[in-house]
Amino acid sequence: MSRTPLIAGNWKMYKTGPEAVETALTLSRLCSKIQDVEVMIAPTFLSLPLVAASIEGTRIKIGAQNLYFEKQGAFTGEVSAAMIKAAGAEYVIIGHSERRLYFEETDTSVCRKIKSAIEEGLKPILCIGESETQRDEEKTFSVLDKQVSDGLKGFGPDELAQLVLAYEPVWAIGTGKTASVDQVGQVHQYLRSLLENLFSSNLAHTTRILYGGSVKPENAKDLMSIKDVDGALVGGASLDANNFIKIIKYK
Ligand code: PEP
């Protein structure tokens with residue numbers, strides 16, 4: 001079974017509702033003839049329903065950037081998986097390094113969020129990646145090992161059928177530094193064998209593993225051509241539709 005590449009744009013805390021809708025509409029026009037690549041954008045929670053309504057029926061999928069794992073209740077400021085689904089999202093990014101760094105996200109909370117996403121029928125994009133210090137100390141693989149095994153603790157392969165992994169070395173996010181083809185290739189191969197050891201060879205074979213970290217039009221083709229890379233999670237370069245489309249058309 002082949003894996004359809006996924007090019008996902010994480011819009012972080014950028015764009016008001018009208019700005020997000022305008023970018024999404026431009027992107028949907030530019031994507032009208034795109035085939036063989038799935039495209040997703042993740043606007044802020046506030047923009048999400050507006051963007052979803054404005055591009056309904058187009059090829060572009062919608063994702064959220066986070067969720068809270070409880071179903072509902074007195075959790076001021078939080079948004080549940082069901083609310084995200086009802087607003088029009090198909091995907092949800094979980095465990096992004098910015099959430100781990102600034103909002104005390106841990107592998108335990110990540111695991112609860114993945115569970116909540118799966119229960120609600122949202123496709124989770126689990127972000128993992130080592131810091132620069134961890135790479136320098138040759139801890140990359142042990143860090144990834146822990147993030148994957150603790151973040152996905154307690155699940156069986158069937159429950160993880162819609163999982164997407166995103167390898168995002170922290171030192172490459174928003175810095176302009178990109179991991180080398182060799183570094184990305186090694187990690188993605190490692191992650192696929194980790195999925196096989198932890199779950200099943202079928203899951204290892206079907207799970208899409210994205211690369212993220214300063215992906216730009218200039219490096220997209222090289223990165224996407226690496227074996228075991230099944231798409232990209234793009235931050236800064238996804239904010240402008242005319243720029244993002246060049247990554248989507250990396251071939
Ligand atoms: C990201 O936010 O997931 C990301 C990879 O950002 P950037 O492309 O800006 O490095």
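As a basis for the values below, the full set of heavy atoms in this structure was taken, side chains included, without hydrogen atoms, waters or symmetry mates. Start at 1 and go down the list; that is how both ligands and their atoms are numbered. Here the structure is a predicted model, which means the values were calculated and not measured.
- Side-chain contact annotation: Gln147 with Tyr167, donor-acceptor N/O pair under 3.5 Å absent.
- Protein heavy atom nearest atom 8 (O) of ligand 1, with residue, atom name and distance: Gly235 N, 2.8 Å.
- No hydrogens or angles considered: a donor-acceptor pair under 3.5 Å links the side chains of Tyr190 and Asp145.
- Side chains of Ser47 and Lys15: no donor on one and acceptor on the other come within 3.5 Å.
- The closest side-chain donor-acceptor pair between Glu119 and Ser116, if any, does not fall under 3.5 angstrom.
- The number of heavy-atom neighbours closer than 6.0 Å to NZ of Lys33, taken from other residues, nucleotides and ligands shown, is 12 or below.
- Between the side chains of Asn66 and Lys113, a donor-acceptor pair is found at a separation under 3.5 Å.
- Counting heavy atoms closer than 4.0 Å to ligand 1, residue Asn10 contributes side-chain atoms (C-beta onward) but none from N, CA, C or O.
- The distance from ligand 1 to the heavy atoms of Gly213 drops below 4.0 Å at these ligand atoms: 5 (C), 10 (O).
- For ligand 1, the polar-atom distance check finds an N/O of Gly236 within less than 3.5 Å of one of the ligand's N/O atoms.
- Those atoms of ligand 1 that come under 4.0 Å of a heavy atom in Gly174, given as number and element, are 7 (P), 9 (O), 10 (O).
- For ligand 1, the atoms sitting less than 4.0 Å from at least one non-hydrogen atom of Ala172 are 10 (O), numbered in the order shown with element in parentheses.
- At least one heavy atom of Lys12 sits less than 4.0 Å from an atom of ligand 1.
- Contact annotation: for Cys127 versus ligand 1, there are no heavy atoms closer than 4.0 Å.
- Across Lys61, Gln162, Glu38, a single residue satisfies side-chain hydrogen bond (donor to acceptor under 3.5 Å, both in side chains) together with Tyr91, and that is Glu38.
- Among protein heavy atoms, atom 1 (C) of ligand 1 sits closest to His96 NE2, 3.2 Å.
- Regarding atom 5 (C) of ligand 1, its nearest protein heavy-atom neighbour is Glu168 OE2, 3.1 Å.
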